[in-house]
Amino acid sequence: MLHRITAVSLSLIAFAITPIAPAELVVTITKGGQRGQPIAIVPFGWSGAEAVPLDVAQVVEADLQRSGKFEPVGRDAMVSRPTRGSQVDYNDWRMLGAEVVVVGEIAPRGPGTYELRFEALDVFGARQIVGQVIPSTTAQLRAAAHHISDLIYEAITGVRGAFSTQIAYVSFERLDSGERYRLWIADADGENAQIITEAKEPILSPAWSPEGHRLAYASYENHQAVLYVQELATGARQSVSTRSGVNSAPAWAPDGQKLAVALSEADGNVEIYVINVGTRELKRVTNNPAIDTEPAWSRDGRSIYFTSDRSGGPQIYVADAYGGGTPQRLTFEGSYNARPRLSPDERQLALVHGEGATYRIGVLDLKSRSLQIVTNGRLDESPSFAPNGSMIIYATLDHGNGVLAAVAVDGSVQQRLTSSGGAVREPAWSPFPPQR
Amino acid sequence: MSYAKVITIAVLIVLLAACGRNAAKPDESATEAVPTDTDSTRGAAGTSSPSGTALTEEERARQLLAQLTIYFDYDSSEIRSDFNDMLRAHARQLAQNPNMRVRLEGHADERGSREYNIALGERRAQAVRQVLQLQGASSTQLSTVSYGEERPVELGHDDTSWAKNRRVELVYAN
């Protein structure tokens, strides 16, 4: 069964509080969880005179459903619509099989300012699981709704929610005027898509800085690859590498000061270097006649995982970030393993695994070294972990068209993210936002 | 032995072998060498027997210089022998015209990961660069750029399209 979640409320458009993006991402759940926890999210009470500025409960419901860990109860089935915990008759919800009920209110506090109040209640224990009062402006309402989703998700699963995060991605269109490459960021639910930069030559490899304020990416200008770092708040960008040949695959060090990159500077062979973004000081990490690329840092900044074809075909290795020593090979299954991304708990690597004619996303357990294939496309690539490790977003083809997809790490839930603005690819999941 | 030396020697061996075979037999075909994905057709171009009147050396050179794309096998940067004549003609042209510049644009097919494909495209461009330099072009005349899988000529997701996308293009700057 296909659930479609297009969480734009009419009131939002009527208030014109967000510009309508030309190419929103539409998130579709293509495979649900085995059996999500039944949860009833009651429409929030609204005491204002005008139309409700945002259906907060709907945003929360869509978030929790997308995670695959919850199965929302339909609004039609609700026999009562309480807005406070004290009004809840638990029998109404036991009858519906709901294990959790969420109630809340939006109260106007002044022009364009509100107070959101919500409670998540355990139906069988008849007690509050989590609740909070959140001040908000009109523009912050969606973010407040995602924050509520985060709190509910964490209180019930014990894992921090990733609903307040963003996705960076690249779109490609062939227009009459030529090829158009765009770098976007959108909310994790596909809303608020905005263009970060666009060009007539390729843009690739977006990488979030650890604090989430900057993106590094590769772009081509006058037939030359350039690595940029761009401030998201101001749009200001600086080029950090314009060497001849390859300038590619930027990955931020955990300190936010350095980038691991793949350059072909010295002799035309692609090697991994670390570049200090402030001083431009360059240090070589790998030194091998084979291709070494696609670096990814360990959390302590001491190790760099990367792809190398030193054994003949691409495989994953780990090297000392300060150079020296012999990199250790980590993948042995199959002839094509590339583009490692470390899970937030550092127990797993997501990678591209090629076998025969198919390229799929694999998850390598670093301890047992067992590899599990978690996607089923033909040409899947560019895996990126959600910051809470729950899901992996990646690029795939849908009827020959580039789309994004996300899969739970255990393969249980799958989503598809499509755009009206051409083929989309190279998703990069943002880090967590600063704690509210 | 360094990797560059290995390549250099390999290239020389291939070139010497090709010289012996092709020297007296100009290839008639005006079309570009067809990209192949199999070993069976490798090296076939240039050995077909002429069925019409033989071309003059000048006509032959013009045909070779009109070819601007070198195709590669999957995950390989090895230059197939069917491109030897064409590369030799370009190298000679560059040697005779020291002010001429050419950009070698390396490409990969869409399979696998994008950044690895960038590296692969660069390796292909470097392989072409080596051959051109060995045959007389100067390093200052040559530059490389890799677009990886970002700029396919064919948008299909099949072997035929991929074979045409695994390439190095010679782009002369005026």
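Here is the naming used below: chain letters follow the sequence lines, and residue numbers restart at 1 for every chain.
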Problem set entry | Interface residues of residues 351-361 of chain A facing chain B - heavy atom cut-off under 4.5 Å | A:V352, A:Y359
Would you say the side-chain atoms of [X] pair up with the backbone N or O of [Y], donor to acceptor, closer than 3.5 Å?
X      : Y      : answer
A:E294 : B:Y116 : yes
A:R378 : B:H157 : yes
A:Y181 : B:E150 : yes

Exercise. Does B:R151 come within less than 4.0 Å of A:E179, counting only side-chain N to carboxylate O?
Worked result: yes
Exercise. Would a 4.5 Å heavy-atom cut-off, applied to side chains only, mark A:Y336 and B:R111 as touching?
Worked result: no
Problem set entry | Rounded distance (nearest 0.5 Å) linking atom OG1 of A:T293 with atom CD of B:E122 | 11.5 Å
Problem set entry | Nearest-0.5 Å distance that lies between atom CD1 in B:I118 and atom CG in A:L204 | 5.0 Å
Which pairs of donor and acceptor atoms, one on a side chain in residues 240-247 of chain A, lie under 3.5 Å apart (sequence neighbours left out)?
from	atom 1	to	atom 2	distance (Å)
A:S241	OG	A:R243	NH1	2.8
A:S241	OG	A:N247	OD1	2.5
A:R243	NE	A:E265	OE2	3.0
A:N247	OD1	A:R243	N	3.4
A:N247	ND2	A:A225	O	2.9
A:N247	ND2	A:R243	O	2.7

With chain B, which of [options] has the greatest number of heavy-atom pairs at distances under 4.5 Å?
options                        : answer
A:T307, A:V270, A:D292, A:L379 : A:L379
A:S382, A:A249, A:S308         : A:A249
A:A395, A:S248, A:S205, A:P314 : A:P314

Exercise. More than 12 heavy atoms of other residues, nucleotides or ligands under 6.0 Å from CG of A:N222: is that the case?
Worked result: no
Problem set entry | CZ/B:R92: more than 12 non-hydrogen atoms of other groups inside 6.0 Å | no
For this session: Go through the steps for B:V145 and A:Q224 under the test side chain to side chain contact (heavy atoms under 4.5 Å, CB included), then give the verdict.
Result: CA-CA 6 Å; B:V145 62; A:Q224 163 72 45; 5.8 Å; no
For this session: Side chain from CB out, backbone as N, CA, C, O: work out which of these in A:I291 comes under 4.5 Å of a heavy atom of chain B, or both, or neither.
Result: both
For this session: Heavy-atom distances under 4.5 Å only: say whether A:A262 touches chain B with side chain, backbone, both or neither.
Result: neither
For this session: Could you walk me through whether B:E149 and A:E381 pass side chain to side chain contact (heavy atoms under 4.5 Å, CB included), step by step?
Result: CA-CA 12 Å; B:E149 62 178 280; A:E381 62 183 15; 3.6 Å; yes
Problem set entry | Contacting region of B:E110 [heavy-atom separation from chain A under 4.5 Å] | both
Exercise. Given the options B:G112, B:S146, B:G121, which has more heavy-atom pairs under 4.5 Å with chain A than any of the others?
Worked result: B:G112
Problem set entry | chain A contacts, top residue of B:R114, B:Q126, B:R103 (heavy-atom pairs, under 4.5 Å) | B:R114
For this session: Determine, stepwise, if the pair B:V171 / A:H223 fulfils side chain to side chain contact (heavy atoms under 4.5 Å, CB included).
Result: CA-CA 11 Å; B:V171 182; A:H223 314 288; over 6 Å; no
